Amino acid sequence: MTTDQILTAAETAHPVLRAAVSGLPSYVPGRRSAGEDIAALASNESHYEPLPAAAAAVAEAAGRMNRYPDMAAVELRERIAGHLGVSAGEVAVGPGSVGVLQQVITGLCDAGDEVIFAWRSFEAYPILVELAGARAVRIPLDDAEGHDLDAMAAAVTERTKVVLLCTPNNPTGVPIGHGRIEAFLRSIRSDILVVIDEAYVEYAVAGTGPDSLALYREYPNVCILRTFSKAYGLAGLRVGYAVAAPAIAEGLRRTAIPFAVTALAQKAAIASLDATDEMQARVAVVKEERSRLAAQLAAQGWKLQPSQGNFLWIRAADDLRARLVAAFDQADIMVRAYQGDGIRITVADPASNDRVLQVLAAVPAARAA
Ligand SMILES: *Cc1c(COP(=O)(O)O)cnc(C)c1O
């Protein structure tokens with residue numbers, strides 16, 4: 001090569017993203033709530049302000065932002081462990097339970113390994129799996145919008161490393177019963193990590209979903225994922241955790257980005273655990289609103305599966321979905337639309353919920369489902 005040719009090659013060459021990355025969908029930010037009148041019902045956040053004790057803990061910790069947080073989050077892990085009756089060695093924390101899940105997948109999967117999950121379920125699942133170079137195996141939901149555990153068990157191969165179970169499922173709100181998960185655990189290899197994602201567990205009526213801690217005690221290949229983002233109202237602070245066998249939990253802590261859980265988040269999470277009663281009182285209000293919405297929508301003629309999350313799911317093919325999205329848009333209500341599948345609406349304060357009822361009452365010919 002001449003000097004000229006080398007220079008030309010140097011000018012045209014450019015850094016290239018890995019195929020797994022360039023294949024990912026671009027992140028489309030949701031519409032930001034711009035004014036008072038826009039109801040933000042698209043992300044299943046708590047509509048309540050943070051618990052007062054959590055806000056006070058953050059204000060207190062803010063004065064020490066010049067310092068790194070406790071990288072091992074010892075105090076928070078001990079408090080979570082005490083709360084659940086496990087040891088701190090079985091707890092790993094991360095920046096949201098999505099952060100912990102990324103640690104799970106990068107910690108267990110080599111390129112080409114398989115991760116099985118239901119679909120439709122949480123949108124982050126395929127992204128985290130593909131980013132890790134693993135293969136996402138999507139198993140369609142059953143007719144009742146729940147996990148088809150038989151089909152999931154049948155999809156296990158030698159390459160299966162992780163199964164993700166989301167209960168209650170986001171976005172459909174359908175839980176997975178304890179006995180069904182237990183039968184599933186008995187039917188698959190014990191070297192497959194079964195992650196039970198319980199982001200909405202606080203909103204579920206007791207007994208509808210699994211006793212995940214009991215399952216974990218009996219089946220050490222269970223990993224429980226929980227978050228402070230939803231019922232505890234700390235979505236903006238980023239803190240969630242996993243409970244897993246000590247060797248797995250230790251591995252998750254090793255794959256964590258150093259200092260990813262800030263001191264503010266750690267302190268707020270500890271204060272929130274101390275205020276669990278207050279959180280539960282708020283959750284009780286949301287559950288009542290969920291029942292009220294369900295009853296009124298049934299009276300309007302909508303046929304929906306009962307939801308155990310702080311959201312409602314309306315199955316809708318594209319035509320109906322487009323009409324619903326337009327109607328909610330028109331009413332300044334942000335909801336989450338899923339191409340080909342339907343829309344999800346967060347249950348919030350009574351006034352916002354009334355607006356949702358009004359919109360849905362005015363969408364005719366949509367009662368099939
Ligand atoms: C919201 C949600 C999470 C939690 O996300 P964070 O990262 O903790 O904010 C996890 N799983 C599911 C299914 C969710 O809907």
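Here the structure is a predicted model, which is why all the values come from computation and not from measurement. One-based numbering, in listed order, for ligands and for the atoms of each.
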- [ ] Using the test ring-ring contact (aromatic ring centres under 6.0 Å, His included), find all partners of Phe122 that sit at least two apart in sequence or belong to another chain.
- [x] Tyr125

Open item on the list: Distance check, rounded to the nearest 0.5 Å: Asp143 atom CG versus Gln305 atom CD?
Closed with: 9.5 Å

Acceptor/donor pairs from residues 59-68 side chains to any protein atom, 3.5 angstrom cut, sequence neighbours excluded:
none

- [ ] Take Arg226 and Glu198 through the salt bridge (Lys or Arg N to Asp or Glu O under 4.0 Å) test and state the conclusion after the steps.
- [x] CA-CA 5 Å; Arg226 293 199 182 165; Glu198 294 191 308; 2.8 Å; yes

Open item on the list: Show me, by chain and number, every protein residue that has a heavy-atom distance under 4.0 Å to ligand 1.
Closed with: Gly96, Ser97, Val98, Phe122, Cys166, Asn170, Asp197, Ala199, Tyr200, Thr227, Ser229, Lys230, Arg238

Open item on the list: Among residues at least two apart in sequence or on other chains, which ones pass ring-ring contact (aromatic ring centres under 6.0 Å, His included) with Tyr241?
Closed with: Phe228

Task: Output field: ring centroids Tyr338/Trp119 closer than 6.0 Å - done: no

